[in-house]
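Contents: one structure, followed by commentary.
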Amino acid sequence: MNSLFILLEVDPWCLEDLTELIALTELIAAVLIFGLPILIAAFIYRHKMNETNKRAEIVLKALDKNPGEVPEELLKSLNTPQKPLKERLLGKLLWGLALTIVGAATVIIEFAMHRSTNEWFSSDRNLMVLGAALSAVGVAFLIYYFVARRTMRHEIEAEKHEAETRKNV
């Protein structure tokens, strides 16, 4: 900790320097909180645009070789395969179970800490709120899984039948 103060040439006991350090850390936190999601979205957008441009380039080359006709097999191979509906629903189930268990464990840990200190919601720890939020999100994923499984039963069966017919061909 002292090395940080030495690096920033700050006297740790001077209140003005300490408030400047706190303001600096708040600025860094704000930049990370708001800038990082924008940066991630920009990278994802750039990646998708790059993939689209590559596909278009391949189709244009195929049109140059065979004017007026693009093979259907080429177009099918260029489309990114989408996960089956059942697999996507199982992903929701996985996230729902994981978040519910982590949230419940967090609430239990906070409750155990309360039993040892007889103090609710101290300024140092507010894990009860975090655990409740995680549990709520997990339960929402679980509800989505069970409702979607029931309402999309026919689509799941159709995908399964389609996959079986592709294997037999």
Side-chain angles (χ1 to χ4, degrees), residues 1 3-10 19-106 125-127 129-167 169:
M1 186 71 173
S3 61
L4 176 66
F5 291 123
I6 292 170
L7 182 67
L8 295 174
E9 296 178 4
V10 174
T19 56
E20 289 176 11
L21 183 65
I22 291 171
L24 178 66
T25 56
E26 288 174 351
L27 176 67
I28 291 171
V31 167
L32 287 176
I33 289 171
F34 294 110
L36 199 57
I38 293 170
L39 190 63
I40 291 170
F43 281 136
I44 291 172
Y45 175 76
R46 186 174 178 195
H47 177 71
K48 286 186 179 185
M49 285 297 296
N50 192 18
E51 283 183 357
T52 304
N53 290 341
K54 285 180 182 178
R55 284 191 200 118
E57 187 178 320
I58 291 170
V59 169
L60 287 175
K61 285 182 181 179
L63 280 173
D64 286 342
K65 290 182 181 178
N66 295 328
E69 188 176 317
V70 177
E72 286 185 35
E73 294 173 8
L74 176 66
L75 292 175
K76 286 182 182 178
S77 68
L78 289 177
N79 290 334
T80 55
Q82 196 175 34
K83 290 182 182 178
L85 186 58
K86 187 174 183 179
E87 191 174 326
R88 287 182 284 171
L89 283 177
L90 287 175
K92 303 294 185 202
L93 177 65
L94 173 71
W95 276 104
L97 289 172
L99 289 174
T100 303
I101 290 170
V102 168
T106 306
R125 29 173 239 265
N126 50 6
L127 292 176
V129 175
L130 176 66
L134 287 174
S135 293
V137 172
V139 168
F141 271 117
L142 291 173
I143 291 171
Y144 173 81
Y145 168 76
F146 288 112
V147 169
R149 187 182 70 174
R150 182 173 295 143
T151 58
M152 297 181 182
R153 183 178 308 132
H154 300 293
E155 288 88 350
I156 293 171
E157 289 174 6
E159 280 185 355
K160 184 179 177 182
H161 180 69
E162 183 181 324
E164 288 175 1
T165 56
R166 268 191 262 142
K167 284 182 182 179
V169 172

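Throughout, numbering of the chain's residues begins at 1 and tracks the sequence.
- Here Lys160 contributes atom NZ and Glu162 contributes atom CD; the two are 14.0 Å apart, rounded to the nearest 0.5 Å.
- We find the CD1-CE distance between Ile44 and Met49 to be 15.0 Å, quoted to the nearest 0.5 Å.
- Scanning both residues, Pro37 and Leu32, for their nearest heavy atoms gives CD-O, 3.9 Å.
- For the atom pair CD1 (Ile101) and CG (Leu134), the distance works out to 12.5 Å, reported to the nearest 0.5 Å.
- Note: Lys86 NZ to Glu155 CD = 14.5 Å, rounded to the nearest 0.5 Å.
- Residues Glu51 and His47 have side chains that bring a donor and an acceptor to within less than 3.5 angstrom of each other.
- Remark: the backbone N or O of Leu85 is paired with a side-chain donor or acceptor of Glu159 at under 3.5 angstrom.
- Using a cutoff of 4.0 Å between basic side-chain nitrogens and carboxylate oxygens, Lys61 and Glu57 are scored as salt-bridged.
- The distance from atom CG of Leu99 to atom CG of Leu94, rounded to the nearest 0.5 Å, is 9.0 Å.
- Counting only distance, with no hydrogens or angles, the side chain of Arg149 and the backbone of Leu89 share no donor-acceptor pair below 3.5 Å.
- A distance of 10.5 Å separates CD of Glu26 from CD1 of Ile33, quoted to the nearest 0.5 Å.
- Across all their heavy atoms, Ala104 and Ser135 have their closest contact at N-OG, 3.2 Å.
- Proximity of Leu97 to Phe141: side-chain heavy atoms (C-beta onward) are nowhere separated by under 4.5 Å.
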